[in-house]
Structure formats: C-alpha cells, structure tokens
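By convention in this document, chain letters (A, B, ...) are assigned in the order of the sequence lines, proteins followed by strands, and residues within each chain are numbered from 1.
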2 protein chains.
Amino acid sequence: MLRGVDLRVTRPRVAVLGAVHDLPHADTESIIGAVRRDLGDVSHQAVYDVLRALTTAGLVRRIQPSGTVARYEARVGDNHHHVICRSCGVIADVDCAVGEAPCLTASDHNGFAIDEAEVIYWGQCPTCAARRDAGTETVH
Amino acid sequence: MLRGVDLRVTRPRVAVLGAVHDLPHADTESIIGAVRRDLGDVSHQAVYDVLRALTTAGLVRRIQPSGTVARYEARVGDNHHHVICRSCGVIADVDCAVGEAPCLTASDHNGFAIDEAEVIYWGQCPTCAARRDAGTETVH
DNA sequence: GACAGATCTTGAATGATTCAAGAAGATGCG
DNA sequence: CGCATCTTCTTGAATCATTCAAGATCTGTC
C-alpha cells in the first residue's frame, strides 16, 4: 500500500497503517500506544509525521469533530459519514444515506467549487440512550 | 434575548452577543477584539465563559471544522450548513439543500438516536479558484 | 556498497482552551 | 433604596494536542 502511493516503507509507517486498520476512529494517543506495543519505542513525533503523510497520500482519513482530538480511519474513498454519541463520544460509520448521488453533488454553492461533503450526525448511542432511559442520568 | 433564556444581563454578554451578530463565523480572538473595542478591557476568560453560556442557551452556535479554532455564529435554529474554502478558510452559509425534510431525518442509524446533522462542504471559494486558475498558486 | 534525500529521535515551543480563587456585579427581597 | 446571595468577571497559571527545529539514522537508488 505504501509503495502504491510512493511512500518509503519504514517500520513506523507499517505499524501506524496497521494500527489505523485495527482500531477504527482511534485518536493519536491510541495509535501511538498500538504502535509501541508493536515496535517498542517510537517517538510520538514520528507517529504524527506518519499520520500526516498517510492522510496526504489518501491512505487514511482524518476526522476531527467539534471539541475532540483528531481521529483516523482506514476506510477511505467511499465518502461515508459518521454518527457520534454526545454522551460517550463513540463513533460509528454511516453509509451515504441520501438518495443516489448524495452528499457530494458537484454543485456550486455561492460560487464555491465543492470537492467534499462531510456529514456528522450527533445523538445518543444505544447504550447511553438506554442508560438515560433507566434514570441513571450519566450525562456527559 | 438574554433574559429570554434566563441569563443575567451583563456588559460582556451584551457585547459578545453583538459581536457574534456583527461578525458571522468569527473566531474567539476576533470576538475578543470586537468586545474590547466596544467596552475597553475585558478578560479573554470572560469571553470564553460568555460564549459557552450563549452556546448552551442556544443563542449562538459553535462550529469547529477540522483543524481550525472554534467559530461562532448567531444564526441558529434553522439547521443550515457551511461551505469552507480549503485555501483561505473563508466560511459561507448554505441552506439545507437536500429535498424537503433534509439533513435531519429523525432516522435511526445503527440504533443511534440522532438529534442533529452537521454538514460541512469543502472546496474552493470563487476568489481562490480564480487565483489558482490564473496560475498564481497561492496554495494555503 | 555507498550516496542523497527522506524519515525518525530528542527536546522544546506554541497556542487555544480550561482551571482556580478571589473580587465585582446582578437580581430579588425587605 | 439598601442588603444578601448567587452568578459572573478578573487575574494568573496550567493543560495538552500538536507543531517546530536540529541532528542522527534509515530507505531506495546508482
């Protein structure tokens, strides 16, 4: 995969790419943890650099919902979206739902040339909704 | 407006609310600047507190696209969306475009109870697109 | 196998945002 | 109108994800 996008193959890159595949929607810290479990010591700077390189190359996608740290996922190229639980922060994928040529109509709003439509659904995950219904009120 | 949502009326709150109305999509720093031009010295902490109170009360909306600082707008309650220029970062409003009961179908993805759909369109604003066509290539 | 440039390590800096404690202000009541 | 009380603002410092910078190391190529 790395060679396919003209990136040099290094141990940190392979490990980061593996971690992003294994841990969907993981934040940088989790990825650093997984990489170190795999390789031993790796600097956090290296992981940041690698994540940027992979993102630029299009091998991973970076998402950063309001008020959270950056997260990464390996599912790219299909323009899917995300649901985020306001209570526990868990993220799930949502396939593009609206009609057929959805989300990214190559339309031209306000004269902008649009190349991506990013949709984030906010709500309650099943677990948190149940907990709240039960009265435990573990808000946030 | 403040009394309407049971918030005490203070000079900083009035000034911040005015600034958010005057400067759509302004970041915190811009708002602090506008407030100080209006009132003289006001602590940044006060502005942060006020913005949070106003956001919680629903008088302003906070947006924070990937990789940017928080921004605020006074247009609330109509579920509109945003287009952002990847080159210069300018933000414009986009009315809900998709069909009739758009964006927020009270549907139930993966068992989530969704209460908001946030859409961000990424692209090039007319100015940056023109500049790029002209070959000036002022990327970023 | 060695060179050149990319990538990693180390260590420090940045900057938006938040925390904490005390002073000042707003609202309600006498 | 003046006071008591709770909220809000000021001041000053801390947090923490992310980035910068300089030098050492490694990858891919000739």
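Residue B/A53 is out of contact with every strand shown, counting any heavy-atom pair closer than 4.0 Å.
Residues B/E118 and B/I120 are in side-chain contact: their nearest non-hydrogen atoms beyond the backbone lie under 4.5 Å apart. A 4.5 Å side-chain heavy-atom check between B/C88 and B/C125 finds at least one atom pair inside the cut-off. Using a 4.5 Å heavy-atom cutoff, the side chains of B/H25 and B/D93 are in contact. Looking only at side-chain heavy atoms (C-beta outward), B/W122 and A/D115 come within less than 4.5 Å of each other. Side-chain contact check for A/L51 versus A/V47: some heavy-atom pair is nearer than 4.5 Å. Looking at B/T28 and B/Y72, their side chains come closer than 4.5 Å, going by heavy atoms from C-beta outward. The side-chain heavy atoms of B/E73 and B/H80, taken from C-beta on, include a pair separated by under 4.5 Å.
When the P atom of D/dG12 is taken as reference, atom OH of B/Y48 falls 18 Å away, rounded to whole Å. If you measure from atom CD of B/Q64 to atom P of D/dA17, you get 14 Å, rounded to the nearest angstrom. Atom-to-atom, CD of B/E29 to P of C/dA16 comes out at 6 Å; the value is rounded to the nearest Å. Summarising the geometry, the separation between CZ on B/R52 and C1' on C/dA16 is reported as 13 Å, rounded to the nearest angstrom. D/dC16 atom P lies 15 Å from atom CD1 of A/I32, rounded to whole Å. Atom CG of B/L2 is separated from atom P of D/dT7 by 17 Å (rounded to the nearest Å). For A/D49 and D/dC20, the CG to C1' distance is 10 Å, given to the nearest whole Å.
Which of D/dT19, D/dG12, D/dT18 sits closest to the side chain of B/Q45 comes down to D/dG12.
Contacts with DNA chain C (heavy atom under 4.0 Å) in residues 3-20 of chain B: B/R3, B/R8, B/V9, B/T10, listed by number. Listed by residue number, B/H44 are the residues of residues 33-44 of chain B with a heavy-atom contact under 4.0 Å to DNA chain C.
A/T56 places a side-chain N or O within 3.5 Å of a backbone atom of A/R52 that can act as its donor or acceptor partner.
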Which pairs of donor and acceptor atoms, one on a side chain in residues 4-24 of chain A, lie under 3.5 Å apart (sequence neighbours left out)?
{"from": "A/T10", "atom 1": "OG1", "to": "A/R13", "atom 2": "N", "distance (Å)": "3.3"}
{"from": "A/R13", "atom 1": "NH1", "to": "A/R8", "atom 2": "O", "distance (Å)": "3.1"}

